[in-house]
Participant: 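Below: one structure in structure tokens.
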Amino acid sequence: MTIRRLWRNARLATLAGTDWGLIEQGAIVTEGEHIAWVGPESALPATRGATEEHDLGGALLTPGLVDCHTHLVYGGRRADEAEMRLNGASYESIARAGGGILSTVRATRAASEAELFDQAAARAQTLMDQGVTTLEIKSGYGLTLEDEARCLRVARRLGQERLLSVRTTFLGAHALPPEYQGRADDYISAVCDWLPQLHAQELVDAVDVFCETIGFTPAQTRRVFEAARTLQLPVKLHAEQLSDQGGAALAASYGALSCDHLEHLSPAGIAAMKTNATAAVLLPGAFYMLREARLPPIAALREAGVPMAVATDHNPGTSPALSLPLMAHMACTLFRLTPLEAVRGITVHAAKALGLHDRGTLAVGQRADFAVWALEHPNELTYWFGHNPCRRVVVAAQERST
């Protein structure tokens, strides 16, 4: 039997058009996991009898938040490296000295799968308590077939055991592991060999690469993308974070879901992203933590009509952030997004960056994912920081406590 639920007495921010889509004294009817009706409560059809009724007390209701770029599964911590950077060391110098990603690789390999799950579950819960209903989790801290598989299994398990939708991304090409030092092409061959095996285990939703001077070259990135294309897996890219490698244009030529970071994005990269409908994912947490000075080209992306998503980039080295609303706030204060752009960036456009078209707005046919806030207007999601105004979270029409 399909359960019909009525969610009433709420101020709705549907985000279904190009503005906030505000509906005062609104209501939503869900049937099963999806929205069957949305509009003013006064227009609620009399025939819409509900099995359950939820009075939201006049609170603000938005689509569930989507964190479209995280590295949530890992072992260890890197507070010491953060201190080194504050004392003048660069991210690149730390990485080249064996720190950075490789220090997390060592800690991740040393942790058991149960330990990785418990730690990742705690991090996920913090995000969930602040309105996140869909979460992308990348691998990339194992860098062996078995360790990458362990991380992806943990990510899958989170989605199975929590009221949370999880998308998994294989990021085997994240860094060169110590056993392959001096043999980057050989490691890329290994990554391309692992991908079909991980895909056969149903562990991979998308494929990512760190294309950078301290990561992998555009030619090596292309090899991974070709392996993904063979399996009909979508791709995305860590692109133009520290330098312009032309990665965004390369990824866009493969129909990439998104290109992420983008501080050094060129006009050619923007044009390619526009042509191929590739989303831009802005990561203000990493920008802030690394004390970057070069802003992503927001005005040019806006003028080109490239959708701009915002994510936490949660990772232990450069963005240990566990608040997506805080990232929306920082996208406004640091990158000069408007509040509307930032909120759409953690809902509508974040869903697009994951290739998901069934969430991110409150509209008929969409998944019934939404968050209830002790706020008057959705622009307050980018105004307040340092506390959590989220009061209720609903995933596929099932409520979870916060």
Participant: May I ask you to decide if A374's main-chain N or O and R391's side chain share a donor-acceptor pair within less than 3.5 Å?
Facilitator: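 Not confirmed, R391 side chain does not pair with A374 backbone.
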
Participant: Please determine whether the number of non-hydrogen atoms from other residues, nucleotides or ligands lying under 6.0 Å from atom CD of E179 exceeds 12.
Facilitator: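 Yes - once you tally the heavy atoms of other residues, nucleotides and ligands closer than 6.0 Å, there are more than 12.
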
Participant: For the side chain of E148 and the backbone of G140, is there at least one donor-acceptor N/O pair under 3.5 Å apart?
Facilitator: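 Looks like yes, one N/O pair under 3.5 Å.
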
Participant: Take a 6.0 Å sphere around CD of E202 and say whether it holds more than 12 heavy atoms from other residues, nucleotides or ligands.
Facilitator: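 No.
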
Participant: Check this for me: E161, atom CD, are more than 12 non-hydrogen atoms of other residues, nucleotides or ligands nearer than 6.0 Å?
Facilitator: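 More than 12 heavy atoms, drawn from other residues, nucleotides or ligands, come within 6.0 Å of this atom.
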
Participant: If you look at every heavy atom in C192 and R223, which pair is closest and at what distance?
Facilitator: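 Minimum heavy-atom separation between C192 and R223: SG-O, 3.6 Å.
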
Participant: For R367 and H34, indicate whether the former's side chain and the latter's backbone hold a donor-acceptor pair under 3.5 Å.
Facilitator: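 Side chain of R367 to backbone of H34: no pair is present.
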
Participant: I would like to know whether D313 and H69 meet side-chain hydrogen bond (donor to acceptor under 3.5 Å, both in side chains); could you show each step before the answer?
Facilitator: CA-CA 5 Å; D313 187 21; H69 183 132; 3.0 Å; yes

Participant: Which heavy atom of A190 sits nearest to which heavy atom of Y180, and what is that distance?
Facilitator: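 Nearest heavy atoms, A190 then Y180: CB-OH, 3.6 Å.
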
Participant: Classify the angle between the aromatic ring planes of W194 and Y187 as parallel (below 30°), tilted (30 to 60°) or perpendicular (above 60°).
Facilitator: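 Judged by the thresholds at 30° and 60°, the geometry between W194 and Y187 is perpendicular.
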
Participant: To the nearest 0.5 Å, what is the distance between CG on L152 and CD on Q201?
Facilitator: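 If I round to the nearest 0.5 Å, the distance is 9.0 Å.
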
Participant: In a table with atom names and distances, give each donor-acceptor pair under 3.5 Å that connects a side chain of residues 13-21 to protein atoms at least two apart or in another chain.
Facilitator:
from	atom 1	to	atom 2	distance (Å)
T14	OG1	A16	N	3.3
T14	OG1	G21	O	3.0
D19	OD1	G21	N	3.0

Participant: Is T2 reaching over with its side chain to a backbone N or O of E31, donor-acceptor style, under 3.5 angstrom?
Facilitator: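 No: the side chain of T2 does not pair with the backbone of E31.
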
Participant: Minimum heavy-atom separation for V395 to L164, with atom names?
Facilitator: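 Closest approach of V395 to L164, heavy atoms only: CG1-N, 4.4 Å.
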
Participant: Calculate, to the nearest 0.5 Å, the distance between atoms CG and OG belonging to L65 and S323 respectively.
Facilitator: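 Here the rounded value is 9.0 Å.
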
Participant: Does the gap between the ring centers of Y74 and H314 come in under 6.0 Å?
Facilitator: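 Close enough - the centres of the two rings lie under 6.0 Å apart.
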
Participant: Cut-off 3.5 Å, no hydrogens considered: what does the side-chain donor-acceptor table look like for residues 282-301, sequence neighbours left out?
Facilitator:
from	atom 1	to	atom 2	distance (Å)
R291	NH2	R85	O	3.0
R294	NE	E263	O	3.2

Participant: Could you check whether any side-chain N or O of N276 sits under 3.5 Å from a backbone N or O of A272, counting only pairs where one atom can act as donor and the other as acceptor?
Facilitator: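 Judged by distance alone, yes, a pair lies under 3.5 Å.
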
Participant: Of all heavy-atom pairs between A321 and T312, which one has the smallest distance, and what is that distance?
Facilitator: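 Smallest interatomic distance, heavy atoms only, reads O-CB, 4.0 Å.
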
Participant: If you take all heavy atoms of P378 and V343, which pair is closest and at what distance?
Facilitator: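 Looks like O-CG2, 3.8 Å.
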
Participant: Looking only at non-hydrogen atoms, find the nearest pair between T278 and C259 and report the distance.
Facilitator: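 The answer is CG2-N, 3.8 Å.
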
Participant: Taking atom CZ of R183 as the centre, does the number of heavy atoms from other residues, nucleotides or ligands within less than 6.0 Å exceed 12?
Facilitator: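 Result for CZ/R183: enclosed.
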
Participant: Do any N or O atoms from the side chain of Q130 and from the backbone of L322 form a donor-acceptor pair under 3.5 angstrom?
Facilitator: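 Present.
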
